[in-house]
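Here is the structure we will look at, set down as structure tokens.
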Number of protein chains: 2
Amino acid sequence: MNDTTRESLVRAGRELFARHGFDGASVRAITRQAGTNLGAITYHFGSKQALFEAVAASLVQPARERLQAATRGPGTPLDRIEAMVRAFFEILFEHPELPQLMVHVMLSSSPVPEVGLRTMQANVGLLASLIREGQEDGSVRPGDPQLMALSVAAQPLWLALARRMLREGIALDLKEPETRTDLVASVVTFVRAALSVQAESAGAEHPEID
Amino acid sequence: MNDTTRESLVRAGRELFARHGFDGASVRAITRQAGTNLGAITYHFGSKQALFEAVAASLVQPARERLQAATRGPGTPLDRIEAMVRAFFEILFEHPELPQLMVHVMLSSSPVPEVGLRTMQANVGLLASLIREGQEDGSVRPGDPQLMALSVAAQPLWLALARRMLREGIALDLKEPETRTDLVASVVTFVRAALSVQAESAGAEHPEID
DNA sequence: GGCGGTATCATACGAACGTTTGAAGGGAGT
DNA sequence: ACTCCCTTCAAACGTTCGTATGATACCGCC
């Protein structure tokens, strides 16, 4: 089994499915970008739909694992929430195709893939349980943990998604590392302030600047 | 000039362009849904592209006016920020097609329409200036007003966009009025907590890096 | 040298695409 | 009754779509 053709098809599919959606990314465009023959998708994956699912899995699975790993770090619940937000940004900067693909799937008429739904449940659940944990130890203000988790997750997702509009609309170019760290720092501070029950005098031993 | 055909084309275009994007929404599907003849778009608008621009304007212009109106209300800067967030949610619940169309435009290769960019600049600018105003009178904590404004705007936008995934993924149905008010209340509280200066005497935590 | 299996190739198919075309309604003004 | 002009209509155009097909190229192994 030759893997380089398969891999270049997945790579091209990631880019084109993310930009144009399933219907908008033509088999001809994908195979052309991958440098393969028109029939390569049918041959290696069986159908365009099967390639799409392989592309989705190649994006969702690693993200899921990295987010779960971030929650298992040390520190207070707020620290681990911060770690999740930072990990989320890293994933999204590395793979802007992920939220783009999510959006195309959400807007299309086709059913949301099982793996996508379970990943969302898992990640919102992780955030919510960290928030609940913080509420129980008194470091996080009261409120519905699930809704608060959505407020947290919405920021990295939308900001990564709106990257192009941020650049063209308000001259915020996320390609520049400094801009990225400023943005991440701002969101992290925003989230901590939103969740903290007070000024976080309790756990603020170490100044977090990177 | 008969307006009902034009209007039903715009209405159908709103729905189908929002769901499938420009390329994905076929002239045949739009005219079928509008109950008109296949040639009606060409006749009334000249081209599919011209219909798309009419659809975009029909969504963006009213939203822009309502958001601007919300900032002119009474109260403290934080109160007016809350009014903007609430108005934003109202707009998005009323016209879920708006963020959907935004996303399709952002992801496509075609240039972002001028009106869209200016509207984004205007609205982020309004939020940022309210934040700056609050910082000057001491009611809002320090930080880059533009980045904080993005954190605020990202939440209604993403939550409206992810509506379907929220319903299917975590059983949060935004069709139910009670769910909506709960969500809006949670976001409003989240935003106010994130922006309020609180008792944060430590103060050394704002994200300036040199 | 020849063989079998995998991979790539050019080509063909019917369907759907956006737009064009020319004819047929249909109501207001004379 | 007749003419206009605006609107709607069915049909056809060339193009592109996803997939299927059969031929060709490559390569380890008898």
Side-chain angles (χ1 to χ4, degrees), chain A residues 1-58 97 100-101 104-105 107-113, chain B residues 1-58 97 100-101 104-105 107-113:
Chain A
M1 197 189 300
N2 189 345
D3 259 354
T4 75
T5 295
R6 282 181 67 98
E7 284 172 5
S8 54
L9 284 173
V10 169
R11 207 166 19 241
R14 251 203 299 258
E15 191 173 321
L16 293 176
F17 281 139
R19 182 141 53 206
H20 304 290
F22 180 78
D23 293 320
S26 72
V27 166
R28 283 170 171 81
I30 296 170
T31 52
R32 193 181 318 124
Q33 168 147 344
T36 66
N37 183 263
L38 172 61
I41 289 177
T42 303
Y43 178 77
H44 284 283
F45 295 90
S47 70
K48 183 187 182 184
Q49 180 66 39
L51 169 64
F52 182 82
E53 281 157 18
V55 165
S58 80
E97 306 94 355
Q100 299 173 4
L101 213 67
H104 278 299
V105 167
L107 298 189
S108 77
S109 326
S110 58
V112 178
Chain B
M1 195 187 297
N2 189 343
D3 258 353
T4 74
T5 296
R6 281 183 67 98
E7 284 172 5
S8 56
L9 284 173
V10 168
R11 206 166 19 245
R14 252 204 297 260
E15 190 172 323
L16 294 176
F17 281 139
R19 181 140 54 204
H20 304 289
F22 180 79
D23 293 320
S26 72
V27 166
R28 283 171 172 80
I30 295 171
T31 52
R32 194 183 317 124
Q33 169 147 342
T36 67
N37 183 263
L38 173 60
I41 289 176
T42 304
Y43 178 76
H44 284 282
F45 295 90
S47 70
K48 183 187 183 185
Q49 179 66 39
L51 169 65
F52 181 82
E53 281 157 18
V55 165
S58 81
E97 306 94 354
Q100 299 173 4
L101 213 66
H104 278 299
V105 167
L107 298 189
S108 76
S109 325
S110 57
V112 177

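Sequence lines set the chain letters: A, B, ... in the order given, protein chains first and strands last, and positions in each chain run from 1.
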_Within residues 45-58 of chain A or reaching into it, pairs that qualify as side-chain hydrogen bond (donor to acceptor under 3.5 Å, both in side chains) - sequence neighbours excluded_ =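 Counting only pairs at least two positions apart or across chains, the side-chain hydrogen bond (donor to acceptor under 3.5 Å, both in side chains) contacts touching residues 45-58 of chain A are Arg14(A)-Ser58(A), Gln49(A)-Glu53(A).
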
Strictly under 3.5 Å: I want the nitrogen or oxygen pairs between protein and nucleotides 22-27 of chain D, one per line.
none

_Atom pair CG/OG of Asp23(A) and Ser109(A) - distance to nearest 0.5 Å_ =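 If I round to the nearest 0.5 Å, the distance is 8.5 Å.
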
*His44(A) NE2 to Leu9(A) CG distance, which is reported to the nearest 0.5 Å*: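 CG of Leu9(A) is found 6.5 Å from NE2 of His44(A).
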
Taking atom [atom2] of [N] as reference, at what distance in whole Å does atom [atom1] of [X] sit?
{"X": "His44(B)", "N": "dT19(C)", "atom1": "NE2", "atom2": "C1'", "answer": "16 Å"}
{"X": "Phe45(A)", "N": "dA7(C)", "atom1": "CZ", "atom2": "P", "answer": "12 Å"}
{"X": "Leu9(A)", "N": "dA7(C)", "atom1": "CG", "atom2": "C1'", "answer": "12 Å"}
{"X": "Leu38(A)", "N": "dA12(C)", "atom1": "CG", "atom2": "C1'", "answer": "11 Å"}
{"X": "Lys48(A)", "N": "dC17(D)", "atom1": "NZ", "atom2": "P", "answer": "9 Å"}
{"X": "Asn37(B)", "N": "dA24(C)", "atom1": "CG", "atom2": "C1'", "answer": "12 Å"}
{"X": "Gln49(B)", "N": "dG18(C)", "atom1": "CD", "atom2": "C1'", "answer": "12 Å"}
{"X": "Phe22(B)", "N": "dT19(C)", "atom1": "CZ", "atom2": "C1'", "answer": "12 Å"}

_Close residues, residues 26-35 of chain A, relative to DNA chain D [heavy-atom separation under 4.0 Å]_ =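 Output list: Ser26(A), Val27(A), Arg28(A).
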
*asked:* Classify Ile41(A) by what it touches in the nucleic acid, base, sugar-phosphate, or nothing, heavy-atom distance under 4.0 Å.
replied: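 Nothing: the residue Ile41(A), judged by heavy atoms under 4.0 Å, touches no strand.
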
*Partner set under salt bridge (Lys or Arg N to Asp or Glu O under 4.0 Å) for Glu15(B), not counting sequence neighbours*: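 Listed in chain order: Arg19(B).
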
Result block: side-chain N/O donor-acceptor pairs under 3.5 angstrom for residues 34-42 of chain A, not counting sequence neighbours:
{"residue": "Thr36(A)", "atom": "OG1", "partner": "Thr31(A)", "partner atom": "O", "Å": "3.4"}
{"residue": "Asn37(A)", "atom": "OD1", "partner": "Gly39(A)", "partner atom": "N", "Å": "2.9"}

_Phosphate OP1/OP2 of dG18(D) contacted by Ser47(A) side-chain N/O (<4.0 Å)_ =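 So the side chain of Ser47(A) is outside the cut-off, no N or O lying under 4.0 Å from OP1 or OP2 of dG18(D).
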
*Does Thr42(B) have a side-chain nitrogen or oxygen under 4.0 Å from the phosphate oxygens OP1 or OP2 of dG18(C)?*
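The answer is no; no side-chain N or O of Thr42(B) sits under 4.0 Å from OP1 or OP2.
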
*Which residues satisfy the ring pair (Phe, Tyr, Trp, His ring centres under 6.0 Å) test with Phe22(B), sequence neighbours excluded?*
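Residues passing ring pair (Phe, Tyr, Trp, His ring centres under 6.0 Å) with Phe22(B): Phe17(B), Phe52(B).
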
